[in-house]
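Quick notes on the structure that follows.
Every heavy atom of this structure was used, including side-chain atoms; hydrogens, water molecules and symmetry mates were not. The structure presented is a predicted model; accordingly, all values stated were derived computationally and were not measured.
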Amino acid sequence: MEAKAQARYVRVTPQKARRVVNEVRNKGALEAADILRFAPQAVATDVRKVLLSAMANSKVKAELAGETFNEADLRVLEAYVDEGPTMKRFRPRAQGRAGRILKRSSHITIVVGTTDDTKKGDR
């Protein structure tokens with residue numbers, strides 16, 4: 001049973017978020033949650049929340065479908081970070097000029113599922 005969770009408009013640059021997301025891709029969901037729990041990057045808490053949400057979504061989908069659910073069988077099938085809107089701000093600089101500051105945001109998406117889902121979907 002595949003399930004997806006998204007966190008949109010997270011105030012972190014996509015480049016920083018991708019560093020963390022790349023560490024958990026194609027790992028077991030419980031192992032990935034442990035990795036994120038102890039990762040030193042601040043965005044790891046946001047990514048972990050999305051992962052736990054995807055795991056909970058998978059559990060709900062399995063219960064509605066009447067299937068058996070085992071958290072240990074879940075794997076991170078897809079994990080990616082897309083760029084969100086960029087807020088543009090200005091900071092005063094020397095000689096009356098203005099310097100642009102780009103405050104970037106991210107959309108974090110994680111898809112979890114069992115190993116037999118990968119065979120069906122040909123991932």
Side-chain angles (χ1 to χ4, degrees):
M1 183 68 54
E2 248 185 45
K4 176 172 117 173
Q6 278 187 321
R8 301 194 47 173
Y9 307 105
V10 178
R11 273 285 294 121
V12 67
T13 65
Q15 185 176 6
K16 290 178 184 177
R18 285 185 190 117
R19 279 182 53 206
V20 175
V21 167
N22 289 340
E23 292 298 317
V24 298
R25 193 175 289 125
N26 298 323
K27 293 220 170 35
L30 294 176
E31 179 189 356
D34 287 341
I35 290 170
L36 292 170
R37 184 176 194 157
F38 297 107
Q41 294 85 0
V43 72
T45 57
D46 294 322
V47 175
R48 185 170 185 269
K49 284 182 182 181
V50 176
L51 174 64
L52 295 177
S53 178
M55 291 167 64
N57 291 345
S58 178
K59 181 178 181 179
V60 169
K61 282 179 87 169
E63 288 174 357
L64 289 176
E67 298 178 6
T68 58
F69 177 76
N70 187 3
E71 249 182 7
D73 294 340
L74 288 179
R75 296 190 61 73
V76 178
L77 302 179
E78 292 179 35
Y80 53 90
V81 178
D82 294 324
E83 192 169 330
T86 301
M87 295 189 293
K88 289 149 182 104
R89 300 292 183 260
F90 293 95
R91 171 180 220 104
R93 305 306 288 174
Q95 298 180 1
R97 294 184 176 92
R100 178 181 273 188
I101 295 176
L102 301 176
K103 294 181 178 267
R104 301 183 187 275
S105 66
S106 305
H107 302 314
I108 302 168
T109 306
I110 295 182
V111 178
V112 296
T114 56
T115 52
D116 57 332
D117 289 335
T118 57
K119 293 172 190 166
K120 286 185 228 172
D122 292 328
R123 292 187 197 270

Drop me the distance from [X]'s [atom1] to [Y]'s [atom2], to the nearest 0.5 angstrom.
X: Lys4; Y: Leu77; atom1: NZ; atom2: CG; value: 13.0 Å
X: Arg37; Y: Leu52; atom1: CZ; atom2: CG; value: 9.5 Å
X: Gln6; Y: Asp82; atom1: CD; atom2: CG; value: 8.0 Å
X: Phe38; Y: Arg48; atom1: CZ; atom2: CZ; value: 8.5 Å
X: Ile110; Y: Asn57; atom1: CD1; atom2: CG; value: 11.5 Å

| Sequence neighbours excluded, every pair satisfying side chain to side chain donor-acceptor pair (under 3.5 Å) that has a member inside residues 86-102 | Gln95-Arg97
| What residue pairs, at least two apart or across chains, pass side chain to side chain donor-acceptor pair (under 3.5 Å) with a residue in residues 18-32? | Asn22-Arg25
Would you check if [X] and [Y] make a side-chain contact, meaning some heavy-atom pair closer than 4.5 Å?
X: Glu71; Y: Met55; result: yes
X: Val24; Y: Leu51; result: no
X: Phe69; Y: Met1; result: no
X: Gln41; Y: Lys16; result: no

Smallest separation among heavy atoms of [X] and [Y], with atom names:
X: Ala7; Y: Val50; answer: CB-CG2, 3.4 Å
X: Ser105; Y: Pro14; answer: O-CG, 3.8 Å
X: Val10; Y: Ile108; answer: CG2-CD1, 4.2 Å
X: Val21; Y: Tyr80; answer: CG1-N, 3.9 Å
X: Ala54; Y: Ala3; answer: O-CB, 3.6 Å

| task | Go through the steps for Leu74 and Leu30 under the test side chain to side chain contact (heavy atoms under 4.5 Å, CB included), then give the verdict. | result | CA-CA 8 Å; Leu74 288 179; Leu30 294 176; over 6 Å; no
| said: Given 3.5 Å as the limit, does a donor-acceptor pair link the side chain of Thr13 with the main chain of Arg104, or not? | reply: no
| query | Any donor and acceptor pair, going by atom type alone, linking the side chain of His107 with main-chain N or O of Val81 inside 3.5 Å? | reply | no
| Gln15 atom CD, neighbour heavy-atom count above 12 within 6.0 Å | no
